[in-house]
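Below: the structure, in structure tokens.
Only heavy atoms go into these numbers, but all of them, side chains included; no hydrogens, no water, no symmetry mates.
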Amino acid sequence: MAKTPAQRIKKHGASAAVPQHHLPPVINPSTTRTPQKAQSNSNLILIAGVVASLFLFWYVHLLTLNQLTQLSGGLPMPDSLVGGFSQGFVEQLRSGMDTDARGQLNYVHKTAGTLFPLIFGFTWLLLIGTNVARKGLRWALWAVPLLFAGVRLWGNAAIDAMMSADTLDGGQVALASGLTLAGWVLLVLSLVVGGAAVFLGRKSASARAETTR
């Protein structure tokens, strides 16, 4: 029977030959995360986010809200009115939509109407973060999509409250209209900010390439 290392030392003293055990390295060098891999992963997430945002915008504004006009006597939904709306329009819309139609509008706001600003906002935060190196400028640009997401979600809630109220209030209409207008303006500004971030990222990459030559 083979002796243990302790038994060999006890019998032969310090000259005992004790077999050495070598553990395999813990870190696999083949799994090292390089900047190129990190950039590639970010690009994949960005592409997926842009595609999802485009699909949700089409689904909400060009498909679902457009279909709801069939339940309102041809009147557009408040979300689709880029310039806002008046109290007279809302009164006409409320009289043209029954409880089920208003419930469908509310359902759109709670599902795709919520996902669109959240996914769009997250995608634009990542787009800006991966292209803008200066911290102060990055935070300034981040503010635009963050405001868009917040205003858009608030606008959805304001429209639902306006449409379901027992008595239409002018303050509710003004709030919902203002948030709708602000949401469209911030969406356009977010697109401009995203384009500026991509331009800055390419400019920085070109400057680094010139430096390394």
Does atom CZ (Phe57) have a neighbourhood of more than 12 heavy atoms from anything else shown, all under 6.0 Å?
yes
Treat each ILVMFWY residue as a node, draw an edge where side-chain heavy atoms are under 4.5 Å apart, and state whether Val192 and Leu54 are in one component.
no
Considering non-hydrogen atoms only, spot the tightest contact between Val132 and Leu200 and give its length.
CG2-CD1, 4.3 Å
Report yes if the side chains of Phe122 and Ile45 come closer than 4.5 Å at any heavy-atom pair, otherwise no.
yes
Do Leu187 and Leu63 sit in one hydrophobic cluster, given that two such residues count as connected whenever their side-chain heavy atoms are within less than 4.5 Å of each other, even indirectly?
yes
Side-chain contact, heavy-atom cut-off 4.5 Å: Leu141 with Val144?
no
Going by heavy atoms in the side chains, are Leu127 and Val50 under 4.5 Å from each other?
no
Compare all side-chain heavy atoms of Pro78 with those of Val90 and state whether any distance is below 4.5 angstrom.
no
Linking I/L/V/M/F/W/Y whenever their side-chain heavy atoms sit closer than 4.5 Å, directly or via other members, would Leu56 and Val51 fall into one cluster?
no
Minimal heavy-atom distance between Leu68 and Gln104, with the atoms involved, is CD2-OE1, 3.8 Å
Specify the closest pair of heavy atoms between Gly171 and Asp169, including all atoms of both residues, with the distance to one decimal.
N-OD2, 2.9 Å
If you count the non-hydrogen atoms of other residues, nucleotides and ligands that lie under 6.0 Å from CH2 in Trp142, is the total more than 12?
yes
Is Leu179 reachable from Leu168 through a run of hydrophobic residues whose side-chain heavy atoms are each under 4.5 Å from the next?
yes
Rounded to the nearest 0.5 Å, the CG atom of Leu81 sits from the OG atom of Ser177 at a distance of 8.5 Å
In Å, rounded to the nearest 0.5 Å, how long is the span from CZ of Arg138 to CG of Asn131?
11.0 Å
Evaluate side chain to side chain contact (heavy atoms under 4.5 Å, CB included) for Phe89 paired with Val173, printing each intermediate quantity in order.
CA-CA 10 Å; Phe89 168 80; Val173 176; over 6 Å; no
Set of residues satisfying side chain to side chain donor-acceptor pair (under 3.5 Å) with respect to Asn156, sequence neighbours excluded:
none
With side-chain hydrogen bond (donor to acceptor under 3.5 Å, both in side chains) as the test, pick out the partner of Asp79 among His61, Arg152, His109.
His109
Has Thr180 got a side-chain atom pairing as donor or acceptor with Gly84's backbone, closer than 3.5 angstrom?
no
Any residue meeting ring pair (Phe, Tyr, Trp, His ring centres under 6.0 Å) with Trp58, in chain and number order, not counting sequence neighbours
Phe55
Rounded to the nearest 0.5 Å, what separates atom OH in Tyr59 from atom CG in Leu115?
10.5 Å
Fit a plane to each ring of Trp124 and Phe120, take the angle between them on a 0 to 90° scale, and name the class: parallel (under 30°), tilted (30 to 60°) or perpendicular (over 60°).
parallel
Roughly how far apart are Met77 CE and Gln67 CD, rounded to 0.5 Å?
11.5 Å
Quick one: CG on Leu153 to CZ on Phe116, what's the gap to the nearest 0.5 Å?
11.0 Å
Would you name the heavy atoms of Ile119 and Gly49 that are closest together and state the gap between them?
CG2-O, 4.1 Å
Do you know the tightest heavy-atom contact between Gly170 and Gln87?
CA-OE1, 3.5 Å
Please report the closest heavy-atom contact between Leu181 and Gly83, naming both atoms and the distance.
CD1-CA, 4.2 Å
Distance check, rounded to the nearest 0.5 Å: Phe148 atom CZ versus Leu189 atom CG?
11.0 Å
Does the side chain of Arg102 reach to within under 4.5 Å of the side chain of Ser164, using non-hydrogen atoms?
no
Treating Ser95 as the side-chain partner and Gln92 as the backbone partner, does any N or O pair qualify as donor plus acceptor under 3.5 Å?
yes
Transitive ILVMFWY side-chain link Leu118 to Ile128, under 4.5 Å
no
Side chains of Leu93 and Met163, heavy atoms from C-beta outward: is any pair under 4.5 Å?
yes
